[in-house]
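A quick note: this is a predicted structure, and the numbers were derived from the prediction, not measured.
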Amino acid sequence: MSNPITVISNPTAPSKIKTILLAVIIAGTLDIVAAIVIQAYILHRTTPLRLLQGIAAGAFGKSALEGRWAMALVGLGFHFFIVFSFTVFYFLIFPYLSFLRKQRVLSGLIYGIFVWCVMNLAVLPLLHIANIPYKWDAVVRGAVVLMLCVGLPISLIVSRYYIAKNTTE
């Protein structure tokens with residue numbers, strides 16, 4: 001008869017779930033705040049309510065624009081789900097790409113560009129939320145926001161998890 005394997009939990013080891021949730025909360029919050037500040041208060045192109053409703057419109061169509069705060073909250077939920085998806089993807093590929101480990105800041109900035117490309121060249125046009133941006137100022141502004149507010153925080157938080165994990169093993 002074989003002996004059962006005893007698993008001892010290391011209380012100082014980081015949690016995968018906590019790491020992913022921390023990255024999602026930080027990156028998601030930075031991104032949505034940046035979008036609201038830039039689009040609503042600096043450029044005066046929309047309101048915070050309309051911006052969040054616009055996100056919900058990807059699933060609910062134009063009727064989301066009539067849903068007031070309920071649809072805005074749905075849009076906020078979708079926003080954080082999208083950030084969650086990008087965070088999980090980065091978390092899963094991190095151990096397999098040495099560049100991500102060696103160049104944490106640069107890889108985070110590059111990941112922000114990747115997120116911009118996926119969202120603006122595929123997701124938003126496919127959902128008929130927005131057309132592919134063609135003005136350079138909008139492209140640069142959007143890419144910089146995603147580099148600094150999404151890619152960089154995700155990279156730094158995920159890499160911190162793997163560094164801590166390797167030192168506690």
Side-chain angles (χ1 to χ4, degrees), residues 1-39 51-52 54-59 73-130 132-133 136 138-169:
M1 184 165 148
S2 64
N3 292 334
I5 298 174
T6 305
V7 177
I8 300 173
S9 172
N10 182 347
T12 61
S15 160
K16 290 178 186 179
I17 293 172
K18 286 181 183 178
T19 299
I20 290 170
L21 290 178
L22 178 64
V24 169
I25 290 167
I26 290 174
T29 302
L30 288 172
D31 182 44
I32 200 66
V33 168
I36 289 170
V37 168
I38 291 168
Q39 296 298 323
L51 186 132
L52 294 170
I55 298 169
L73 289 174
V74 169
L76 186 62
F78 284 153
H79 166 74
F80 277 97
F81 176 76
I82 292 166
V83 175
F84 173 79
S85 300
F86 280 111
T87 302
V88 169
F89 179 72
Y90 193 87
F91 189 90
L92 293 174
I93 66 169
F94 187 89
Y96 300 102
L97 300 175
S98 63
F99 174 75
L100 302 181
R101 293 187 300 278
K102 294 177 183 173
Q103 299 290 332
R104 298 177 333 165
V105 172
L106 182 58
S107 65
L109 297 174
I110 292 170
Y111 193 63
I113 295 170
F114 170 78
V115 171
W116 184 92
C117 289
V118 170
M119 292 303 298
N120 287 278
L121 302 178
V123 174
L124 298 178
L126 286 173
L127 294 175
H128 305 291
I129 295 175
I132 296 171
W136 280 105
V139 170
V140 170
R141 183 175 45 251
V144 168
V145 166
L146 290 174
M147 290 165 68
L148 298 176
C149 296
V150 175
L152 190 58
I154 289 173
S155 173
L156 295 176
I157 292 167
V158 168
S159 64
R160 189 179 73 183
Y161 164 83
Y162 282 103
I163 290 168
K165 180 180 173 229
N166 289 336
T167 59
T168 58
E169 289 182 340

Student: Between L51 and Q39, which heavy-atom pair has the shortest distance, and what is it?
Tutor: CD1-CB, 3.9 Å
Student: Compare all side-chain heavy atoms of W116 with those of V139 and state whether any distance is below 4.5 angstrom.
Tutor: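 Of all side-chain heavy-atom pairs linking V139 with W116, at least one is under 4.5 Å.
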Student: Determine whether more than 12 heavy atoms belonging to other residues, nucleotides or ligands lie under 6.0 Å from atom CZ of F78.
Tutor: yes
Student: Table please: side-chain donor-acceptor pairs of residues 96-103 below 3.5 Å, with sequence neighbours left out.
Tutor:
unit_1	atom_1	unit_2	atom_2	d
R101	NH1	F94	O	3.2
R101	NH1	P95	O	2.8

Student: Anything under 3.5 Å between a donor and an acceptor, one on a side chain of residues 16-35, the other on a protein residue two or more places apart or in another chain? List them.
Tutor:
unit_1	atom_1	unit_2	atom_2	d
T19	OG1	S15	O	2.7
T29	OG1	I25	O	2.6

Student: Report the C-alpha distance between V150 and M119 in whole Å, list the side-chain angles of each, state the deciding distance to 0.1 Å, and finish with yes or no for side-chain contact (heavy atoms from CB on, under 4.5 Å).
Tutor: CA-CA 12 Å; V150 175; M119 292 303 298; over 6 Å; no
Student: For V88 and L92, what are the C-alpha separation, side-chain angles and deciding distance, and is it a side-chain contact (heavy atoms from CB on, under 4.5 Å)?
Tutor: CA-CA 6 Å; V88 169; L92 293 174; 3.8 Å; yes
Student: Quick one: pull up CD1 in I36 and CD1 in I38 and give me the separation to the nearest 0.5 Å.
Tutor: 11.0 Å
Student: Tell me the closest heavy-atom pair linking Y90 and S155, and the distance in Å.
Tutor: OH-OG, 3.2 Å
Student: I need the I82 CD1 to T87 OG1 distance, nearest 0.5 Å.
Tutor: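 That separation rounds to 11.5 Å.
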Student: Look up atom SG in C117 and atom CG in L146, then write down how far apart they are to the nearest 0.5 Å.
Tutor: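 Atom-to-atom, C117:SG and L146:CG are 10.0 Å apart.
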Student: Roughly how far apart are F81 CZ and F86 CZ, rounded to 0.5 Å?
Tutor: 11.0 Å
Student: Decide if the gap between the ring center of Y111 and the ring center of F114 is smaller than 6.0 angstrom.
Tutor: yes
Student: Distance check, rounded to the nearest 0.5 Å: L127 atom CG versus I55 atom CD1?
Tutor: 12.0 Å
Student: State, yes or no, whether a side-chain contact exists between V105 and L152 at a heavy-atom distance under 4.5 Å.
Tutor: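 Yes - at least one pair of side-chain heavy atoms lies under 4.5 Å apart.
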